[in-house]
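The structure appears below as structure tokens.
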Amino acid sequence: MEKTTQYVGRPKRLFRYIAAKFWGPFFFAMGIFAALVVLGDMFEKMKNLGNGVTTLGDVMTYAFLTFPNWLATIMPVACLLGAISVISEMVANGEWTACVAGGFAPRDLFKPVIACILIVCAGTMLLQEFIVPPINVKANYVYYTRIKPHPGYNQYLESDVLIKISPQQMLYAKLVDLSTGTMTQVSLDTYDDDWDIAEQTTAQEMVWDKAAGQWVFHNGTNRVFTDKTDTQDEPFESRVSPLDIRPDQMSIGRVSEEIMGVRGLTKRINFHKRTGIASYSAETLRQSKLATPFATLVMCLLGMPFAISTRRKSKILNIIASMVIAFSFWGMIKFFTSIGENGYLNPFLAGWGPVILFGALVFFEFKWMKL
């Protein structure tokens, strides 16, 4: 008890003392969970070592490149375990009782832990936004060229792309490569008010002219449908396309939306809106990523009162409680995200719904426990 009396009545020292206790369990959980998921992923990829292409170096390179993504995924669980551990340790050592008896409210003792959680949330958001997306692109390249080779794989190349240019104009391209600003085997169809095709422009290639700021058809034919059985064809070497979206404004490629950051998803959503493509999936994932810091905080607040009721210090019990709460929360997030991606629920509600529901549960939990 003498140890506790040193900081009772000194909020700043108590704040630093509790905050310092958080980081040990947090990094312990990070190390354990990271080792488990990375090793598990490596062993799963090693089954490709016998294909004559994959080497152990490829598997280790892939594991290294995917590590930041796993790190961002397990950080919320590590936060939860750290929060539960620091509170339960203080309760078991009698420090919690001494602090409350010294005039500190339970919420005051939660504040240092919450501050640590917010720091981790900020780091996770920066990691997911600026580090994970470009590294995951490299990881995909290693996977599809070395571990599970796909002949001719190009992550910037997309096939069978359909773009709505205007209410009555649709552009089809067999292949699109935004890294070079080219589209091949292009067809631009223009329809009349009855949605009968009125004009069609086909070209072997359409290239972005950076100097002129426009897409240009090359080696094509312009066909006008004069009636249902007759057409007028006009070959051409080059012709300006009505498509006015720059390649850097377009979001076409094999990069999965799940590994995109908020900026990448915003770019894809804006492109979809301009071209008339449904953006339920991208908008739901964007809202979900924006809600991630709040989801982590709410999840930790849900578990922290549990630690107060545990009078006996038990790391195993803390781990079990953390996993149960985390998987319950993730299950709810996955459920909402799934129905939001398919357009059955407003993307905002799909992304923020679990935070709102569990936030309400935290409110009643704190009220019931009078915290």
Are Arg107 and Phe110 in a cation-pi setup, meaning NZ or CZ lies under 6.0 angstrom from the ring centre and within 45 degrees of the ring axis?
-> no
Residue pair Gln168 / Asp193, side-chain donor-acceptor N/O under 3.5 Å = yes
Can a donor-acceptor pair be found between the side chains of Asp189 and Gln200 at a distance below 3.5 Å?
-> yes
Who pairs with Trp208 by ring-ring contact (aromatic ring centres under 6.0 Å, His included), at least two apart in sequence or on another chain?
-> Trp215
Got a second to check how far Met304's CE is from Ser85's OG, nearest 0.5 Å?
-> 11.5 Å
Between Trp70 and Phe33, is a ring pair (Phe, Tyr, Trp, His ring centres under 6.0 Å) present by the stated rule, with each step listed?
-> CA-CA 9 Å; Trp70 286 118; Phe33 293 143; over 10 Å; no
May I ask you to decide if Arg263's main-chain N or O and Glu129's side chain share a donor-acceptor pair within less than 3.5 Å?
-> yes
Report the relative orientation of the aromatic rings in Tyr141 and Tyr153; use parallel for angles under 30°, tilted for 30 to 60°, perpendicular for over 60°.
-> tilted
Any donor and acceptor pair, going by atom type alone, linking the side chain of Thr284 with main-chain N or O of Gly340 inside 3.5 Å?
-> yes
Are Glu199 and Arg223 ion-paired here, with the side-chain N under 4.0 Å from a carboxylate O?
-> no
Indicate the atoms forming the closest heavy-atom contact of Ile245 with Met250, along with that distance.
-> CG2-CG, 3.5 Å
Between Arg274 and Asp244, is the closest basic N to carboxylate O distance under 4.0 Å?
-> yes
How about Thr221 and Asp233: does a side-chain donor come under 3.5 Å of a side-chain acceptor?
-> no
Is a side-chain donor or acceptor of Lys267 paired with a backbone partner of Asp248 at a separation under 3.5 angstrom?
-> yes
Can a donor-acceptor pair be found between the side chains of Asp160 and Tyr172 at a distance below 3.5 Å?
-> yes
Which atom pair, heavy atoms only, marks the closest approach of Phe366 to Pro305?
-> CE1-CG, 3.5 Å
Which atom of Leu49 lies closest to which atom of Leu56, heavy atoms considered = CD2-N, 3.7 Å
Within 6.0 Å of CE in Met60, more than 12 heavy atoms from elsewhere = no
Ring geometry between Phe26 and Phe22 (parallel below 30°, tilted from 30 to 60°, perpendicular above 60°) | parallel
Rounded to the nearest 0.5 Å, what separation is found between the CZ atom of Phe336 and the CH2 atom of Trp352?
-> 14.0 Å
Take Thr266 and Arg286, measure what side chain to side chain donor-acceptor pair (under 3.5 Å) needs, and give me the verdict at the end.
-> CA-CA 7 Å; Thr266 300; Arg286 180 172 68 166; 3.1 Å; yes
Pair Tyr191-Gln169, side-chain donor/acceptor within less than 3.5 Å = no
Do Lys174 and Glu205 meet the salt-bridge criterion of a basic N to acidic O distance under 4.0 Å?
-> no
Taken to the nearest 0.5 Å, the spacing of Thr73 OG1 from Asn69 CG works out to 4.5 Å
Considering non-hydrogen atoms only, spot the tightest contact between Val113 and Ala83 and give its length.
-> CG1-CB, 3.6 Å
Closest non-hydrogen contact found for Ser251 with Leu178 is N-CD1, 4.4 Å
Can Asn51 and Thr54 be counted as having a side-chain donor-acceptor contact under 3.5 angstrom?
-> yes
Closest non-hydrogen atoms of Gln249 and Phe271, given as atom of the first, atom of the second and distance, are O-CB, 3.7 Å
